[in-house]
Amino acid sequence: MRTHLQIAIDGPAGVGKSTIGERLARRLGYLYVDTGAFYRTLTCIALTTDTPLDNAEALDALARSIHIEITPPAPATADGRSYTVLVDGQDITPQLRLPAVDAAVSQVSSHEPVRATLRQRQREMADTQGVVMVGRDIGTIVLPEADLKIFLTTSIEERAKRRHGDLVAKYGADSPSLATVRDEIVQRDARDAAHTFVAPDAVVINNDHLEADEVVERILQIIAERQRGGQA
Ligand code: DC
């Protein structure tokens with residue numbers, strides 16, 4: 001039995017993985033690792049170095065050449081971030097969610113050599129400490145021996161409603177319509193589908209009717225039950 005658990009949370013975009021993963025990690029005192037940040041980081045650096053996004057070899061060489069460090073945010077960081085990403089010591093966190101990165105990250109993450117390199121880095125983070133690792137392929141490929149695997153789902157309608165609500169709160173009348181937001185989610189799912197897997201031993205949680213904190217409580221309950229039953 002491991003002293004520090006590995007908890008994998010997988011699922012498509014917009015199902016609340018990050019919020020739930022971060023809160024769960026905080027409750028357990030574990031490191032929260034958002035693996036999407038690795039692909040976003042490489043995308044950011046590829047864009048700034050003009051590395052062609054269709055060149056798997058060049059992107060992989062770039063991935064191998066940079067040192068990516070993900071740390072809890074410093075207390076003085078006031079931009080609402082849940083982690084800080086340093087590339088060769090430089091903070092690039094604010095750039096990870098730029099529209100240009102959003103647009104290019106699916107392509108960058110589609111290259112197998114890139115995935116193999118970044119997965120290795122992700123595994124290393126889980127070697128020495130308890131982690132809640134969030135992504136698409138964590139329970140199946142990155143941490144197949146994880147102590148608990150959760151796969152989160154939310155219906156397209158609910159995800160579109162939530163995302164649209166966030167955009168309206170942020171941009172008001174300039175927000176795209178609900179139908180546009182829904183279409184974007186469908187397209188994004190299609191792009192990421194090849195890398196999104198449900199582990200056969202995952203607990204699937206649909207959160208259409210659950211708040212993030214209710215999902216966190218449910219996961220904590222599963223952990224407690226498994227520990228009582230000697231399974232974790
Ligand atoms: O979760 P996110 O939106 O930050 O993910 C960014 C991109 O990285 C998205 O296109 C899916 C991809 N990704 C992946 O292929 N495998 C992961 N484990 C995490 C993210």
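Quick caveat, the model's predicted, so the values are computed rather than measured. Order of listing sets the numbers, starting from 1, for every ligand and every atom in it.
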Student: With only distance considered, is Ser106 within less than 3.5 Å of ligand 1 through an N or O on each side?
Tutor: yes
Student: Using 4.0 Å as the upper bound for N to carboxylate O, is an ion pair formed by Glu22 and Arg26?
Tutor: yes
Student: Under 6.0 Å from the CZ atom of Arg119, do we count more than 12 heavy atoms belonging to anything else shown?
Tutor: yes
Student: Decide whether an N or O pair under 3.5 Å exists between Asp137 and ligand 1.
Tutor: yes
Student: Heavy atoms only: give me the nearest Lys149-Leu143 pair and the separation to one decimal.
Tutor: CE-O, 4.1 Å
Student: If you take the nearest heavy atom of each of Gly36, Ser110, Ala37, which one is closest to atom 20 (C) of ligand 1?
Tutor: Gly36
Student: Using a strict cut-off of 4.0 Å, indicate which atoms of ligand 1 neighbour a heavy atom of Asp192.
Tutor: 9 (C), 10 (O), 11 (C)
Student: Do ligand 1 and Gln122 have nitrogen or oxygen atoms that lie under 3.5 Å from each other?
Tutor: no
Student: Under a 4.0 Å threshold between the charged nitrogen and the carboxylate oxygen, would Glu158 count as salt-bridged to Arg162?
Tutor: yes
Student: Looking just at side-chain N and O atoms, do Asn206 and Thr153 make a donor-acceptor pair shorter than 3.5 Å?
Tutor: yes
Student: Specify whether Tyr30 and His4 have parallel, tilted or perpendicular ring planes, treating 30° as the upper limit for parallel and 60° as the lower limit for perpendicular.
Tutor: perpendicular
Student: Students should be able to answer this: which protein heavy-atom is nearest to atom 3 (O) of ligand 1, and at what distance?
Tutor: Arg188 NH2, 2.5 Å
Student: Measuring from the heavy atoms of Arg119, does anything fall under 4.0 Å of ligand 1?
Tutor: no
Student: Quick one: look at Arg115 and ligand 1, take heavy-atom pairs under 4.0 Å, and tell me if it's side chain, backbone, both or neither.
Tutor: side chain
Student: If you measure only the distance, is there a donor-acceptor pair under 3.5 Å linking the side chains of Gln120 and Arg123?
Tutor: yes
Student: Considering heavy atoms of the protein only, find what lies nearest to atom 13 (N) of ligand 1 and give residue, atom and distance to 0.1 Å.
Tutor: Tyr39 CD1, 3.7 Å
Student: Considering only protein heavy atoms, which is closest to atom 12 (C) of ligand 1, and at what distance to one decimal place?
Tutor: Ser109 OG, 3.7 Å
Student: What protein heavy atom sits nearest atom 7 (C) of ligand 1, and how far away is it?
Tutor: Val105 CG2, 3.6 Å
Student: For ligand 1, which atoms, with element, lie under 4.0 Å from some heavy atom of Arg40?
Tutor: 2 (P), 3 (O), 4 (O), 6 (C)
Student: Taking both backbone and side-chain atoms of Arg136, is any N or O found less than 3.5 Å from an N or O belonging to ligand 1?
Tutor: yes
Student: Please determine, by modelled atom types, if Thr154 and Asp208 share a side-chain donor-acceptor pair under 3.5 angstrom.
Tutor: no
Student: Starting from atom 19 (C) of ligand 1, find the nearest protein heavy-atom neighbour and note its residue, name and distance.
Tutor: Thr35 OG1, 3.4 Å
Student: Against Ile219, only a single residue in Leu148, Leu152, Val203 fulfils side chain to side chain contact (heavy atoms under 4.5 Å, CB included); can you say which?
Tutor: Leu148
